[in-house]
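Reading through the structure tokens given below for one structure.
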Amino acid sequence: MKANSKKIFTNQDGVHPNLEKTVRRHLDNPFLKPVSEHTQAAFDSACAFLGASGRPLILDSCCGVGDSSRALARQFPDYCIIGVDKSESRITREREGGEPENLFLVRADLNDFFRLAHQGHWRPERHYILYPNPWPKSEHLKRRWHGAPVFRDIVALGGRLELRSNWKLYLEEFAAALALAGHEGTLTAYEAADPITPFEAKYKASGQPLWQLVAELGRAPAVCGGS
Ligand SMILES: C[S@@+](CC[C@H](N)C(=O)[O-])C[C@H]1O[C@@H](n2cnc3c(N)ncnc32)[C@H](O)[C@@H]1O
């Protein structure tokens, strides 16, 4: 596969100068914006699937067309894989051969879904955020997950959190935000021997270096609606 993905262009020359202030403010204050009805309903359906499965949870956030979720469902057959993306055209794109029985793909806004998952005491053993939108302009810091009010809920979910990106600075910032929340992440170059997402495949085919950030945020059994 040949591809020609544009390299990330940013007007930042390092970690955003407002990162610490922004993250500390969000860590200290719950995000109180009302949850949309649509995402509440989506969360309820995901909760029912998770509860019925009786299996530990793997969360695949920003799953796009769900290929990474499918790959995880095959790699971890004893887990319940929930893939979440806000794009209807992506999340409803079907693949040949049917879906794995341990997989649930759902359309939802993660700004709401993460909060509901935290409040519902979800405890994913693994949590993937693969190739999140980078929002590389300096003025868009708050659109990056570590600059968003919901960052505190992402951290509170716990588990083994893994992010991948073609923009190293995004992951450096995320690691800095995790440090402010009291967690250490490990940032390394990532060789995608067998790409599991369309963006991973595209960036690899374009010869772009890829990066991975992994952090162990603590673990507890997955439950739904319990404590
Ligand atoms: C760059 S794409 C990566 C998709 C996939 N992980 C991949 O690697 O092919 C980023 C994805 O994040 C999703 N996304 C961005 N903001 C979101 C939000 N607030 N809630 C849910 N999904 C979101 C987009 O719809 C998009 O599918």
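Every number for a ligand or one of its atoms is a count from 1 in the order of the listing. Note that the structure is a prediction, hence the values are computed from the model and not measured.
Under the 6.0 Å distance and 45° angle rule, R115 counts as a cation-pi partner of F31.
Counting non-hydrogen atoms of neighbouring residues, nucleotides and ligands closer than 6.0 angstrom, the CD atom of E37 reaches no more than 12 such neighbours.
A centroid separation of less than 6.0 Å is found between the aromatic rings of F49 and F104. Checked against a 6.0 Å centroid threshold, the rings of F113 and W122 count as neighbours.
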Check each N or O atom of ligand 1 against all protein N or O atoms and list the pairs under 3.5 Å, with atom names and distances to 0.1 Å, one per line.
from     : atom 1 : to   : atom 2 : distance (Å)
ligand 1 : 6 (N)  : C62  : O      : 2.7
ligand 1 : 6 (N)  : L130 : O      : 2.8
ligand 1 : 8 (O)  : T197 : OG1    : 2.6
ligand 1 : 9 (O)  : T197 : OG1    : 3.3
ligand 1 : 9 (O)  : F199 : N      : 3.2
ligand 1 : 19 (N) : D109 : OD1    : 2.9
ligand 1 : 19 (N) : N111 : ND2    : 3.4
ligand 1 : 20 (N) : L110 : N      : 2.9
ligand 1 : 22 (N) : K86  : N      : 3.0
ligand 1 : 25 (O) : D85  : OD1    : 2.6
ligand 1 : 27 (O) : D85  : OD1    : 3.2
ligand 1 : 27 (O) : D85  : OD2    : 2.7
ligand 1 : 27 (O) : R90  : NH1    : 2.6

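At least one donor-acceptor pair under 3.5 Å links the side chain of R144 to the backbone N or O of W135.
Residue pairs meeting the salt bridge (charged side-chain N to carboxylate O under 4.0 Å, His left out) criterion with at least one partner in residues 4-30, sequence neighbours excluded, are E20-R24.
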